[in-house]
There are 2 protein chains.
Amino acid sequence: MAKITIKDIASYAKVSTATVSRVLATPDKVAPATRAIVEDAVKKLGYYPSIIAQGMHHKIKNIGVILNRNTEDSFFSPYLSEVLRGLVKSAKDLGYFIQILTCERDSEGCDELVSLYRSQRVDGYILLSSKVEDIFIQTLINAEIPFILHGNTDDNDEQQQIYTLDIDNVAAAQELVNYLINLGHRHIAMINSSTDYIYNQERLQGYKLALNNAGIVVNADFICETAENLDEFGREVKEFLLHQPQVTAVVCKSDISARQLIMVANSLGMHVPHDLSIVCFNETYAAKMAQPQLTTISIPIYQIGIELLKSMVAILNHQQLCQRQLFPYSVIIGNSCQMPVK
Amino acid sequence: MAKITIKDIASYAKVSTATVSRVLATPDKVAPATRAIVEDAVKKLGYYPSIIAQGMHHKIKNIGVILNRNTEDSFFSPYLSEVLRGLVKSAKDLGYFIQILTCERDSEGCDELVSLYRSQRVDGYILLSSKVEDIFIQTLINAEIPFILHGNTDDNDEQQQIYTLDIDNVAAAQELVNYLINLGHRHIAMINSSTDYIYNQERLQGYKLALNNAGIVVNADFICETAENLDEFGREVKEFLLHQPQVTAVVCKSDISARQLIMVANSLGMHVPHDLSIVCFNETYAAKMAQPQLTTISIPIYQIGIELLKSMVAILNHQQLCQRQLFPYSVIIGNSCQMPVK
DNA sequence: CTGTTAGCGCCTTCAA
DNA sequence: TTGAAGGCGCTAACAG
């Protein structure tokens, strides 16, 4: 059976195509009688207006979501999953669709972003992370493409016009470290991932700030920059623990890696929290599966997903919107910490 | 700056719009000289053909992915994340896009599926799970919408024309149970989720088959149907263990819930594998985070995602394709099992 | 309130 | 090898 078009409805209902169009878009501008006839025809013939053809006049209601990393070698972290869940939910509620995109942060990737937008595949972008001197951000700004960033930029002077949404990573890291300091720890390590990412940089900054404020000298050897891959992470962390026996406490980059860290520690005969106190970020199901229960920063990830999409839609509709949205976080006290024994 | 269209390129390059169109679609049907001129104009003006307008003549290259559950109340399981990862990767490679969809399995949800297809938002669907008397499947068949199912149907007579891709769940469950039987277990429980889902039904069937083959009577009390939600799951499983003390081994529905089960068991003073042997399905990072290491069915989830999309594209291109693709799985032996002690 | 007309941006005949 | 013309399905401006 051939595709039913507006013409079919028009001729079946014995009206013009314009009237059919009106019935669908602005029903109250059509006489109830004719409207009924048209609606009847629409149902009877099973007519669905082509979004493609409508797209020649309206926005297509697609929002591109740019993932942090390449999906080829990196799994979907629970964090990412949770953001996506919020995005999907919010998109559905607002009548939008999500296009998941995995572009490399190179010139080709930038071209892709521009191309997808200009060719009207997407109306705008949600960028899930930011790097130092981020070429994605520069590209989007230069091309005047609407977007919102989950994270921050490294340069606030030039980039006034962009919208961001995140928690206060600096403050969160500070709180974690202060908690450890108050327990009596002085040899506190930070297990981070690449400081190419702004949020990792912010957390590192918070870590250093807290130490400085407490009069503790920052020991560069205590800062461990690890891979994303869980297996590699395990190896690197093992090395680290072996080489830094003075460390009594660790700030870990995520609940999932904290969990891995506990396993590594156990394998070295260390027990948490007796031999090693651990605090971390995130409270996904990975945190729930950890024993002992983790002391962690709980981030409203799902809600962040919801709001990212809402804000993106607001931007597209030229609504007033706060440029820097800071979301609240909370500290969850588990039993992965205690006073230092050594 | 206004949108650059094919007309702008045509007038800039002093050719007709038809020629521009040809340069982009069938470059070899254009004289090298004019082609060069046009390509130059395209670059200089930054022209990106509108996918919307192209969509009036071609497919839109969007594939809808229908999630198992509503994203509102159910988190993205590691399994789902891993399938998505494969889908995203494969889509990128093949020049397709993914539309993640969350429809309720009711008449409204069915209407959505039909509408999205008929209005040309998607070219076809990937259905990530199947239920008994699945109205999604019926709807897609009736509306002659191309789709592929990750799973099986309950009725193979009527539904000849559909494409499926899965592992052999019956055989996998049998292998797990046989493994436990060979260790000496006789009181083997199954912690499943709703048998409304076909794959859960198949696994239950495999469980029963294995017991029957070994001459062990199936005890209905040993079959525990649990919720998806991790917290609820924990409560239900705790009840179950308390009420069925004879049970020495459990087949658990997933690695993530097996991990949860271990925690529940521990909280009851039971140790795995000493007091309880556990086998399960899936080997996501949840499995890697479990102690003791789980004996589990390793499913090539990422690869399944890749192939689902590939197959969908093949269907859309009317290529020859095997209707029932069975993927291999493997049994990973951990140390979550031992001979029964009681 | 409704029909006519024109046009969105692109592709695809059909001639030349 | 190229251009002119028509049309894809729909919406919007303008009459009536």
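Per chain, numbering begins at 1; letters A, B, ... match sequence-line order. All heavy atoms count here, side chains included; hydrogens, waters and symmetry mates do not.
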statement: B:K3 NZ to C:dC10 P, in whole Å, measures 6 Å
message: Please report the distance, rounded to the nearest Å, between CD1 in B:I6 and P in C:dG7.
response: 18 Å
message: Expressed as a whole number of angstroms, how long is the span from A:I37:CD1 to C:dT2:C1'?
response: 13 Å
Of the listed nucleotides D:dT2, D:dC14, C:dC10, the one nearest the side chain of B:R22: D:dT2
query: Taking for each residue the nucleotide of DNA chain D with the nearest heavy atom, is it B:Q120 or B:D28 whose nucleotide lies nearer the 5' end?
result: B:D28
message: OP1 or OP2 of D:dG3 versus the side-chain N and O atoms of B:S16: is any pair under 4.0 Å?
response: yes
field: Under 4.0 angstrom between B:T19 side-chain N/O and D:dG3 OP1 or OP2
entry: yes
task: Please check the phosphate of D:dT11 (OP1 and OP2 only) for any side-chain N or O of A:S21 closer than 4.0 Å.
output: yes
- prompt: A:D8 has an atom CG; how far is it from atom C1' of D:dG9, in whole Å?
  reply: 11 Å
query: Want to settle it: does A:A33 or A:T17 sit nearer the 5' end of DNA chain C, counting the closest nucleotide to each?
result: A:A33
message: I need the CD1-P distance between B:I4 and C:dG9, as an integer number of Å.
response: 11 Å
message: What is the separation between atom NE2 on A:H58 and atom C1' on D:dA12, rounded to the nearest whole Å?
response: 9 Å
message: Among D:dC10, C:dC10, C:dC8, which nucleotide has an atom closest to any side-chain atom of A:Y47?
response: D:dC10
query: At under 4.0 Å between heavy atoms, what does A:V15 touch on the DNA or RNA strands: base, sugar-phosphate, or nothing?
result: sugar-phosphate
message: Is it the case that atom NZ in A:K92 sees more than 12 heavy atoms from other parts of the structure closer than 6.0 Å?
response: yes
Between P of C:dG3 and NZ of A:K7, the distance in whole Å: 16 Å
Side chain of B:A53 (C-beta onward), nearest among C:dG3, C:dC10, D:dG3: C:dC10
task: Examine distances only and state if a side-chain atom of A:D166 and a backbone atom of A:H150 form a donor-acceptor pair shorter than 3.5 Å.
output: no
- prompt: Under the 3.5 angstrom rule, does the side chain of A:Y125 hit a backbone N or O of A:L113 as a donor-acceptor pair?
  reply: yes
- prompt: Of the candidate nucleotides C:dC10, D:dT2, D:dT11, which contains the atom at the shortest distance from the side chain of B:T34?
  reply: D:dT2
query: Can you check the B:Q54 CD to D:dG7 P distance for me, whole Å?
result: 21 Å
statement: Looking only at D:dT2, C:dT12, D:dC10, the nucleotide nearest the A:T5 side chain is D:dC10
query: How would you label the contact of B:A18 with the nucleic acid (heavy atoms, under 4.0 Å): base, sugar-phosphate, or nothing?
result: base
field: Check: A:R118 main-chain N/O paired with B:K3 side-chain donor or acceptor under 3.5 Å
entry: yes
message: Using a 6.0 Å cut-off, check whether atom CD of B:Q319 has over 12 heavy atoms from anything other than its own residue.
response: yes
